[in-house]
Amino acid sequence: MKEIVVNNLLRENIKHIKPYSSARDEYKDASADMVFIDANENPFQTNVNRYPDPQQTKVKERLAEIKGVSTSQILLGNGSDEVLDLLFRAFCEPRQDNVITLPPTYGMYKVLADLNAVDIISVELDDDFEPKVDKILHVQNDNSKLLFLCSPNNPTANSFSANKVEELINGFKGIVVIDEAYIDFSAKASWLSRINEFPNLIVTQTLSKAYGLAGIRLGICYASEFIISVLNKIKPPYNVNQLTQEKALDRLNEIGAVEEQIASILKERSVLISELNNFSFIKTIYPSDSNFVLAKVDDADFRYKQLIDKGVVVRNRTKQPLCENCLRFTVGTSNENKLLIKILNQL
Ligand SMILES: *Cc1c(COP(=O)(O)O)cnc(C)c1O
């Protein structure tokens, strides 16, 4: 019954769209001992002369195992950016619908809204960088299709209160997208375990941060089977390339190594925070539930330039709402962090 509600949120053209049917959709078993002359590929071996699996079955099977979901609740994309773009295309009618974002937050939501000619309603976070639940639920209208909650949030580094997120999932009339790009660094639970409970919940994750694979571009969308089936119809047929699928699978088979790196980054984060506390020109260090630290300094533009001159590139977030004079520091290796502290001491 709830799925009918989600169906009503879809764009009219998407409800009835017929997907492209690729050669590998029509005959799926690429490993079979068959002569494949159906896709106009070059028959000579290059290791990648064949089209990749359009459904990325092996990667999904491994992810499903790790995350405790079904493969039919997973869609993979060319980075989270492609996944997020598909959500706009599925749910937001250009020049008619709107999405809600909570600045300061990840810049791609606005870029994708502009790209898709979809209005943005911005409701700033409160002074604790938490969502203003009542205000968000008050400004939504019948055309509000997506609400983006980035938790842990970039660039503020905090996770949102679970109660507030749940109130939003229950009270929002469209789809709530929780962007969990940094969830592997978080002390809080992922919302992934709740996707069966809420038909209007989408969780996105990525291999770009904790998994150390930003270069291969693999974004992940978890949602109900219904939502995933719709996204599957509109994604480009071969959107995740062969090399990416292989590399992702290798990495997902060495979870222990990933977990060690996460532990090391979290340890370094606390070292970094305690060191940053010693500088008088650093005014506030905000609590971090992620692999970066947001800090308010005396003059962000000036400190940013000073650091660049000494060979260290941080992110200057001073132009973002609520982030005046804030710099964002990604937690690096132990040596990188020591070098940063040494250089800060020279300023
Ligand atoms: C880094 C980041 C991503 C990752 O995007 P990819 O396209 O998967 O690399 C997504 N969301 C947020 C908030 C991020 O900071």
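Ligands are counted one by one from 1 in listed order, and the atoms in each one are counted from 1 as well.
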Ligand 1 atoms in contact with [X] (distance to a heavy atom under 4.0 Å):
X	result
Gly79	7 (O), 8 (O)
Asp81	7 (O)
Ser208	6 (P), 8 (O), 9 (O)
Ala181	2 (C), 3 (C), 10 (C), 11 (N), 12 (C), 14 (C)

| Taking atom types as modelled and ignoring hydrogens, do the side chains of Glu26 and Ser21 form a donor-acceptor contact shorter than 3.5 angstrom? | yes
| In terms of the angle between their ring planes, are Tyr182 and Phe292 parallel, tilted or perpendicular, with boundaries placed at 30° and 60°? | perpendicular
Looking only at protein heavy atoms, which one is nearest to [atom], and what is the separation?
atom	value
atom 15 (O) of ligand 1	Tyr182 OH, 2.6 Å
atom 5 (O) of ligand 1	Ser80 OG, 3.5 Å
atom 4 (C) of ligand 1	Lys209 NZ, 3.6 Å

| remark: Check: of Asp179, Asn291, Val83, Ile216, min heavy-atom distance to atom 11 (N) of ligand 1 comes from Asp179
| query | Taking non-hydrogen atoms only, is Arg217 closer than 4.0 angstrom to ligand 1 via side chain, backbone, both or neither? | reply |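 It is the side chain that touches ligand 1; the backbone stays farther off.
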| field | Location of contacts on Cys150 toward ligand 1, heavy atoms closer than 4.0 Å | value | side chain
| For Asn143, side chain to side chain donor-acceptor pair (under 3.5 Å) partners two or more places apart | none
With a cut-off of 6.0 Å (strictly less than), are more than 12 heavy atoms of other residues, nucleotides or ligands near [atom1] of [X]?
X	atom1	result
Tyr286	OH	yes
Lys305	NZ	no
Asn13	CG	yes
Lys135	NZ	no

